[in-house]
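Have a look at the structure below before the remarks.
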Amino acid sequence: MDQYSNHIISGDTQQNSVVLNQLSVDNVREVPLDRLKLPKSLPSFKLRDILTIADKIEAGVIDELLMVNEDFMIVKGLKRFYALKRLGRSRVRVCIGCNKKSVADELFSIRK
């Protein structure tokens, strides 16, 4: 842990984010709901779908995390976001950068 404290004290923000990502388990954090950002182009949702998801969240059927990028913009889980907002929740658990794939996973080759 001593090796990390030098970076935090130095004020190097790039190193701080690296350290914080290493310290938090699977990049799961609890953040205020109003801190999350929405993408510029939003798909249309039906109110019925959002109310159904809200009922499932209250019943404990749905307990998935919202996936966000490093800027706290929602990548996956927009309907859950609106359902949580409708339920009046102020804080939500998110997974930061969990949907990233490594470059090695995306590489393939075709052989004859």
Side-chain angles (χ1 to χ4, degrees):
M1 189 72 179
D2 292 332
Q3 65 207 24
Y4 297 131
S5 62
N6 293 335
H7 297 297
I8 294 173
I9 293 172
S10 70
D12 185 1
T13 57
Q14 192 172 31
Q15 288 295 329
N16 288 350
S17 63
V18 170
V19 170
L20 289 176
N21 286 339
Q22 290 174 354
L23 293 178
S24 62
V25 178
D26 296 331
N27 294 335
V28 175
R29 297 189 192 142
E30 187 172 319
V31 297
L33 195 64
D34 58 355
R35 184 173 181 190
L36 300 178
K37 300 174 185 174
L38 297 173
K40 290 183 181 179
S41 61
L42 289 173
S44 60
F45 301 120
K46 294 184 179 181
L47 180 60
R48 182 180 334 129
D49 295 338
I50 293 173
L51 292 175
T52 303
I53 291 173
D55 290 340
K56 289 181 180 180
I57 290 172
E58 279 193 325
V61 176
I62 295 178
D63 191 28
E64 296 176 24
L65 304 173
L66 297 177
M67 292 190 189
V68 298
N69 62 12
E70 289 82 14
D71 297 327
F72 291 99
M73 184 171 66
I74 299 173
V75 177
K76 185 176 178 187
L78 285 170
K79 286 184 185 178
R80 282 176 292 178
F81 169 77
Y82 286 116
L84 289 166
K85 199 169 188 173
R86 180 135 180 116
L87 290 172
R89 304 277 172 96
S90 60
R91 299 186 68 79
V92 64
R93 288 180 38 214
V94 298
C95 185
I96 301 171
C98 291
N99 63 337
K100 288 184 180 177
K101 296 180 182 176
S102 67
V103 176
D105 293 339
E106 296 177 359
L107 296 178
F108 68 93
S109 63
I110 299 174
R111 298 181 186 187
K112 288 186 177 182

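The structure presented is a predicted model; accordingly, all values stated were derived computationally and were not measured.
No chain of hydrophobic side-chain contacts below 4.5 Å, direct or via other Ile, Leu, Val, Met, Phe, Trp or Tyr residues, connects F45 to L51. Taking hydrophobic clusters as Ile, Leu, Val, Met, Phe, Trp and Tyr residues chained together by side-chain heavy-atom distances below 4.5 Å, L42 shares a cluster with L84.
At least one donor-acceptor pair closer than 3.5 Å links the side chain of R80 to the backbone N or O of L65. A donor-acceptor contact shorter than 3.5 Å links the side chain of N69 to the backbone of D71.
Counting heavy atoms from C-beta outward, L66 and K76 have side chains that stay 4.5 Å or more apart. With a 4.5 Å cut-off on side-chain heavy atoms, D49 and K79 count as touching. L38 is listed as a side-chain neighbour of I74, based on a closest heavy-atom distance under 4.5 Å. D34 is not listed as a side-chain neighbour of S90, based on a closest heavy-atom distance of 4.5 Å or more.
Taking both residues in full, the closest heavy atoms of A83 and A54 are given as CB-N, 3.7 Å, listed atom of the first, atom of the second, then distance. Heavy atoms only, all atoms of each residue included: V68 and V75 are closest at C-CG2, 4.0 Å. Shortest non-hydrogen contact noted between V31 and F72 is CG1-CE2, 3.7 Å.
Remark: E30 engages R91 in a salt bridge, criterion side-chain N to carboxylate O under 4.0 Å.
A distance of 12.0 Å separates NZ in K46 from CD1 in I50, rounded to the nearest 0.5 Å. Interatomic distance, CG of L87 versus OH of Y82, reported as 15.0 Å (0.5 Å rounding). Going from atom CD of E64 over to atom CZ of R93 covers 11.5 Å, rounded to the nearest 0.5 Å. Expressed to the nearest 0.5 Å, how far NZ of K37 lies from CE of M73 amounts to 8.5 Å.
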